[in-house]
Each structure stands twice: as C-alpha cells, then as structure tokens.
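To start, the structure itself, in structure tokens.
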Amino acid sequence: MAKNLLIVESPAKAKTIEKILGEDFEVKSCYGHIRDLEKGDMGIDVNNKYLPRYIVPEDKEKVVKELKGIAKKSGEVWLATDEDREGEAISWHLCEVLGLDPAITKRIVFHEITKPAIQNAVQRPRTVDMNLVNAQQARRILDRIVGFELSPVLWRKMSMKNNLSAGRVQSVAVRIIAEREREINAFLATSNFRIEATFTANDLNGKPVNFKAEGKKQADAEGAEKFLQSCVNATYKVSDVQVKPGKKTPAAPFTTSTLQQEASRKLGYSVSRTMILAQKLYESGKITYMRTDSVSLSETATDAVKAQVSAQYGDKYVQVRKFKNKNESAQEAHEAIRPTYMENNSSDDADTRKLYELIWKRTMASQMADAELEKTTARISISTNKDELTASGEVLKFDGFLKVYMEDKDEEELTEDDNQEGVLPPLKSGQELPLKEMKATERFSRPLPRYTEASLVKKLEELGIGRPSTYAPTISTILKRGYVEKRDKEGVKRDYRVLKLTGTKVTLVTEQENTGAEKSKLFPTDLGLVVTDFLKQHFDDIMDYNFTARIEQEFDEVAQGKLLWNKMIDDFYLPFKKDVENTIENAERIKGERELGVDPVSGKKVVARMGRYGPMVQIGDVNDEEKPKFAKLKNTQSIETISYEEAMELFKLPRTIGQFEDQDVVVNIGRFGPYLAHDKKFYSLSKEFDPYTITFDEAQPIIVEKRDAKEKSTIKIFEKEKIQLLRGPYGPYIKQGLRNFKIPKDKLETAADLTIEEVQKIIEEAKANPPKKSYRKKKTGS
DNA sequence: CAGTGAGCGAGCTTCCGCTTGACTT
C-alpha cells in the first residue's frame with residue numbers, strides 16, 4: 001500500500017516526526033507559506049468583495065512541484081501545519097494547490113513534537129477550519145492594503161528618493177522610537193540630595209565592619225546642609241530591628257521575545273544574531289522551535305527537567321511549575337524554547353554555546369524551588385533631631401533556582417534599590433553606633449533610556465504588534481529604510497555636589513559624572529521623525545498603538561464565524577481609502593521645516609529642513625534672486641535639535657587648508673562623506689578626523705599614504721580599454737568600471753603577465769556564466 | 001565617486017507572516 005503523505009511547515013520538524021510515525025507515513029515540509037497575493041494592483045479585487053488573487057511565488061515553485069508529485073503517488077494526504085491562524089491558512093492553500101477537498105482532507109494539530117502528542121493527534125484528525133482561514137485572509141489583505149496604499153502616499157509627498165514604505169507594524173515601531181527621542185529631548189533633569197551615613201559595628205566574629213544607612217532625601221543643597229549641620233555632635237542608636245522573610249521566583253521558560261531580550265542583556269547579541277544562532281541549534285536538534293510565543297513545556301519536558309534538577313542539585317531544589325502566558329495575543333502553536341535533551345548542559349559548537357547554555361539554565365531554573373531571603377531593616381535614631389536613618393540588608397537563606405540562573409533587568413526597570421543590598425552586621429535594639437561619615441550626594445533624575453533592539457521587541461509584544469517570526473525582520477526594515485539608526489552616544493560631563501559631615505565639620509565638594517552615554521541604541525533619523533509626524537497627522541487610526549489590538553479582536557470574531565471577513569475589510573477600507581485620497585489631494589509635501597534665525601551677513605532666514613538628499617540647513621529662499629546656500633547636517637545632528645550656532649558652523653565647508661606640491665588641499669563633505677581633494681584626486685577621511693577642524697599637518701600624510709597604497713595595489717592598467725589589474729586583500733583581481741572579476745586560479749601566480757586579450761577573455765567568460773541566481777531580491781546599490 | 005536641494009513623469013518601489021538557503025566582499 002502507498003504511504004500516506006504528511007505535510008508540516010518546517011523541514012527539521014519533518015525529520016523528527018517521520019521517525020515517530022514510522023513506516024506508514026512519508027513526512028514532507030512545505031517551508032511555510034506556499035502562496036501569496038499577486039503583487040500587481042495589490043493582488044486584491046477591491047470592487048468585488050476583496051477577492052484575493054493568489055500566486056505561487058517563484059521561490060516556492062520547486063517545493064510545490066515536489067509536493068504535487070509525491071501527493072499523486074501517495075495514499076492519503078494529511079495536513080499538519082502549525083496550529084495557529086497562519087498554519088490553518090497554509091493547510092488551505094495546500095488543498096488548493098494539491099487539488100484536495102478541504103471538507104474531507106485530514107488536518108491534524110499538535111503543540112509539541114513528542115511521541116504521545118503526535119500519536120494522539122493522528123487518532124483525532126479534523127478538517128480545515130475555514131473560519132480561521134478567513135481570519136488569516138482578512139489579516140493578509142488588510143496588511144497588503146495598508147502597506148500598498150500608504151507607501152505610495154509617501155512616495156508622492158516626500159522629495160526623498162529612498163524606497164520609502166509604511167505598514168501596520170513598521171510605522172508604529174518607528175513611532176515608538178520617535179516618541180521616546182522627543183521625551184528625552186524635552187526632559188529637564190531635577191536633582192535632590194541623598195543622605196547616606198556610614199557606621200561601624202562588629203560582625204559575627206567580633207570584627208568591626210562598615211555598613212550604610214539612608215536618611216530622608218533632601219530637596220536642595222540648603223536642606224541637605226541644614227540636615228548635616230543638625231547632626232553635628234549627635235549620637236546614634238538602633239531604635240528598632242525588623243526581620244522579614246522574602247522570596248524570589250524564577251522566570252518562565254523562553255519565548256522568542258524573552259530569549260531575544262535576555263541574549264541582548266546578558267550576551268550583548270543583536271536580535272538577528274540571536275535568531276541565527278537559535279536556528280542553528282534548532283536545525284541540529286538541540287533545542288525546540290525558536291519562533292514561539294508560548295511559555296509552556298510539554299509533560300515529557302518537565303519530567304526531564306525535574307530529573308535533571310534532582311540529579312544535579314537534589315530533590316530539595318525541584319519545583320515543577322506550569323507557567324501561563326500573560327500575553328493575550330499569543331497563539332501558542334509551539335512549546336516554549338527549551339533544550340531537547342536536558343542532560344546536555346552545553347553545546348560543542350563554540351558559536352552557539354553561550355546561547356544554548358542560556359536556554360538550558362533558564363529551562364532548569366523554571367522548574368526549581370523559590371529562593372528564600374531574609375530582609376533586615378534597622379531604624380537608627382539621631383539624638384540631635386527627630387529624623388531617622390534606615391539600614392537594610394538581605395541574606396540569602398536558600399538559593400533555590402538562583403543556583404542556576406537569574407533574569408536580568410532592563411535599564412528602565414532598574415531602581416536605586418537594585419544597588420544590591422549588602423549584608424548587615426548583627427544589630428540589637430538600643431545599640432549605640434559610632435558614625436564614620438555622613439554624606440549628602442546630589443542625584444539627578446534621568447529620562448527613560450532609548451530603546452535597544454530587544455527592548456523594542458518587548459514593547460511591540462506588549463502592544464500585540466508583530467509576531468515571533470517578524471520581530472527581527474521588522475527591525476531590519478526600519479533600519480534599512482533609514483527611519484532608525486543603531487548607534488552609540490557619548491555622554492556629557494556634569495557636576496554634582498557632595499556635602500560631607502566628618503567630625504564636627506560640614507564641607508562641600510564638587511565632583512563630576514558622565515551622563516547620557518548609551519551604547520547600541522535605536523535613534524530615530526530626521527526622516528523617521530518627519531514621516532511619523534506625517535502619518536500621525538493623516539492616518540492617526542493606523543498609527544494608534546491600539547490599532548492592531550482592535551483589529552485582532554475582529555479577526556477573532558471572523559475566526560469564530562461571527563463576522564464575515566469581507567464585511568470586516570469593507571468597514572475598514574472605505575474610510576481608509578477616503579483618507580488616502582484626501583491626503584494625496586490636500587496634504588502639503590513633507591518638509592519638517594524649522595526656523596533657526598537670521599544670517600547676519602545677508603539678513604536672510606536660516607532654516608533646517610528635509611531636502612531631497614536628507615536633512616540640511618539653508619540660508620535664504622528659492623524664490624530669492626540669489627540662490628540659497630545649502631549644507632548637509634552631520635550624522636549626529638537633527639533638524640529638531642540643531643542650534644543656530646551649529647547650523648552656521650556647517651556653512652564653513654569647503655575649506656582650503658593649505659598647499660601641497662603647489663596644489664590646494666581642500667576639505668569638504670560629499671556624497672560619500674568627508675574627503676580631501678588635492679590635484680584633482682579625492683581621498684576619503686576616516687571617522688577619526690573632523691572635516692571642520694582637520695589641519696594641513698594632519699591632512700598631508702593622508703594624501704601621501706593613500707597615494708602610495710594605490711600605487712602598490714595597482715599591478716597594471718590598460719588605459720584604452722579602461723581595465724585595471726589590482727591587488728586586493730584576497731589577491732589579484734580585474735576591475736572594469738564598477739565591476740570586479742576573479743582571475744582563474746592557475747593564473748593567479750602570474751597575474752602581472754596577463755595580456756589584454758587574456759583579461760578580456762576572462763571578463764567575457766564571467767559575464768557569460770553569471771553567478772547563480774539567488775532567491776533574494778536584487779540589491780539596492782546605495 | 002565627491003552636484004544636488006523644486007517638481008514633473010517614465011517605470012519602479014511597497015505590506016506582514018510562514019519557512020530556509022545560497023550568497024560573499
């Protein structure tokens with residue numbers, strides 16, 4: 001008898017399931033979606049109930065053909081795509097493409113790839129749920145409409161030539177970044193004074209140790225000084241000691257989002273790096289599926305974790321827990337991310353080892369006992385005033401899950417109390433304490449930190465925007481479009497005051513701290529800010545943080561059969577289409593103009609705004625008789641924050657900084673960044689040089705060095721044919737115009753002897769046999 | 001390779017969500 005064909009989404013899954021099901025089934029994968037909306041004219045017939053036009057994309061033709069062939073030879077076809085909206089749609093598309101009747105084709109689902117789960121699923125096949133499929137179609141169509149109607153509005157209203165785009169997910173992601181930036185720009189720091197006293201007392205061994213106690217915060221320096229003065233010659237006594245038990249509980253096993261966050265905090269990985277490494281671990285069978293929003297573990301898994309905890313740390317450390325998802329938008333088609341074999345606590349592969357160990361530890365900790373603490377709070381009275389000081393300490397009584405793992409906190413969740421409370425020496429009520437020193441330190445309030453890739457993912461997940469499979473691509477999109485930049489920011493020095501009481505004297509010193517430094521954070525560009533403002537002004541419903549949540553409710557109603565999907569789309573589309581038409585007709589072009597002042601020389605207006613080639617400053621108006629002057633903003637500057645003085649500074653280029661070999665040396669910023677021009681040749685300036693301040697003495701060696709290096713790397717030049725033989729970091733190669741060509745291996749040694757005929761033959765052959773076509777879209781040459 | 005800066009119009013771009021590979025400079 002012919003084998004049955006079972007189709008799943010992921011090829012790694014297919015292999016595992018085939019082993020479980022044995023002889024009767026051939027298990028194949030369809031590699032995700034196999035059909036999509038046609039690209040021309042949106043792929044939707046908006047005048048006919050939004051009828052979608054589906055095609056098999058080029059890169060899926062091979063898979064579809066193979067599946068068709070196998071299906072023909074097979075017995076029954078079983079559909080085992082993921083149990084969520086997208087998975088249900090994939091099953092339906094498979095029916096359509098393979099010529100199966102969705103009303104009778106067997107559809108099975110499981111949340112975990114374990115023998116009992118899969119055998120159980122095979123016992124209870126159902127059919128494709130068309131309501132759920134329709135909910136997916138509504139999702140797909142709405143996203144296509146938003147993306148393909150909104151993006152062209154930007155193309156028309158922006159003078160920039162980038163491939164601008166807008167969408168339900170990406171535009172809101174940019175908005176989150178933009179709004180945080182403006183909060184930071186508008187932030188005014190306030191300060192207060194933190195009172196901290198250092199006392200000495202004997203520890204358990206009778207050895208004197210120092211410990212700290214805090215007083216009430218003082219609003220200003222006067223208050224702080226008054227308080228310290230009031231403590232002169234005081235005696236200090238413990239008035240009360242309280243001991244309270246406390247506990248800490250482990251975090252839930254990893255989802256995609258929490259894995260990305262922890263890998264970012266603990267290992268410093270970008271979101272995409274985490275996903276690439278996790279994919280490797282998954283494909284080699286070391287972890288379960290890495291794109292999931294579920295925190296639950298299979299019973300088989302909890303048993304294995306329990307056994308491992310017990311074997312490694314003893315039964316005292318075991319505590320089996322079931323975690324529930326806090327996130328309403330979760331679809332839970334898979335398990336949480338966990339090791340497939342708990343007995344492997346590490347991975348052989350150096351690349352993935354750290355991430356694997358992180359997953360292993362998190363999974364272990366999730367099934368371990370609470371950590372037990374003892375928190376001590378001692379109140380200390382001051383003889384000379386009515387105020388009180390408080391000393392607190394924490395002692396770990398039982399480490400529990402902390403033996404293995406502790407989740408890190410995000411910057412914005414950190415409080416002063418996280419300055420880890422130390423251990424207090426034993427204190428008794430009535431005990432007198434000798435004061436070593438008392439300090440009042442000025443502390444400034446801080447704005448919320450800028451987002452990291454991972455904290456943006458966290459925020460998106462909270463808003464229910466995006467899915468595990470799209471978090472990393474969404475970040476790539478907004479970076480690629482130039483709406484957002486990832487970079488470091490240097491801090492600025494700031495003075496703060498410290499008042500000290502030592503003996504009977506209060507003294508004031510000023511110290512310095514670095515503030516506002518950030519590493520690898522997301523900054524909005526002027527383009528991102530301007531586009532966000534525009535979209536918010538004209539499409540506030542789509543830019544609303546709750547838009548996705550609202551339509552998700554409607555998708556749910558469609559999935560439950562309570563709402564027709566094309567009715568839902570119609571209710572959305574009609575008003576939306578009006579907004580689009582209205583905006584195209586009436587909205588002004590997007591400029592983001594800001595007036596900075598008046599140029600003292602010409603008396604003309606100085607403005608900062610978006611130009612065709614990015615943010616710039618401008619003196620004068622295009623309608624003036626004289627042409628306006630233009631200058632590009634520096635990378636770190638922004639239309640919103642640039643000052644008049646900084647703007648005027650930008651007009652100081654180009655600068656002639658001296659003469660070398662009887663030719664002018666000129667510094668300027670061009671299409672490809674800062675450069676030196678000398679003798680009709682150009683030399684790019686590296687980041688360490690500032691074109692506004694570079695001196696002739698710094699510039700001259702750059703010219704000489706680069707000229708020499710170029711000479712050395714040139715093997716031969718065929719002037720007439722405009723072909724060069726050059727030496728690069730990978731050996732000799734041929735350059736014709738902007739294209740490079742490899743030299744055949746057997747001629748590498750004697751590259752210098754190549755004749756023009758030989759070179760032309762190599763080029764022709766390379767052009768005749770272009771490198772194999774990749775699935776990726778053509779690169780945008782920037 | 002090192003200019004430009006407004007707007008027109010050829011012809012193109014663009015979305016989100018499922019999946020992996022086949023690319024190298």
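Below, read A as the first sequence line, B as the second, and so on, with proteins coming before strands; counting in each chain starts at 1. Fair warning: this is a prediction, and the values are worked out from it, not measured in the lab.
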> Side chains of Ser165(A) and Gln170(A): do they bring a donor and an acceptor to under 3.5 Å?
Replying inline: yes
> Do Glu83(A) and His111(A) have side-chain atoms, one donor and one acceptor, less than 3.5 Å apart?
Replying inline: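 There is such a pair (donor and acceptor under 3.5 Å, judged by atom type) between the side chains of Glu83(A) and His111(A).
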> Is there a donor N/O on one and an acceptor N/O on the other, under 3.5 Å, for the side chain of Arg140(A) and the base of dC15(B)?
Replying inline: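 In this structure, the two groups form a donor-acceptor pair.
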If the cut-off is 4.0 Å, is [X] near the phosphate of [N], judged by side-chain N/O to OP1 or OP2?
X         : N       : result
Arg481(A) : dT13(B) : no
Tyr289(A) : dT19(B) : yes
Arg156(A) : dT14(B) : no

> Could you write out DNA chain B as a dot-bracket string, with dots for unpaired bases, | for bases paired across to another strand, and Watson-Crick or G-U pairs counted at under 3.5 Å?
Replying inline: .........................
> Pick the nucleotide of DNA chain B nearest each of His334(A) and Lys632(A); which residue has the one closer to the 5' end?
Replying inline: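 Upstream on the strand: Lys632(A).
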> Do side-chain atoms of Asp544(A) reach the backbone of Asn546(A) as a donor and acceptor pair under 3.5 angstrom?
Replying inline: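 Flag set: sc Asp544(A) to bb Asn546(A) pair under 3.5 Å.
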>> Tell me which residues in residues 129-138 of chain A lie within less than 4.0 Å of DNA chain B, going by non-hydrogen atoms.
In response: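 Correct list: empty, so none.
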> Do the two ring centres, one from Tyr50(A) and one from Tyr573(A), sit under 6.0 Å apart?
Replying inline: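 Distance test on ring centres: under 6.0 Å, yes.
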When the side chains of residues 459-467 of chain A are checked against the rest of the protein, which donor-acceptor pairs come out under 3.5 Å, sequence neighbours left out?
unit_1	atom_1	unit_2	atom_2	d
Glu461(A)	OE1	Ser257(A)	OG	2.8
Arg467(A)	NH1	Asp293(A)	OD2	3.2
Arg467(A)	NH2	Asp293(A)	OD2	2.9

> Over how many whole Å does the gap from Leu460(A) atom CG to dG17(B) atom C1' extend?
Replying inline: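 Result: 15 Å.
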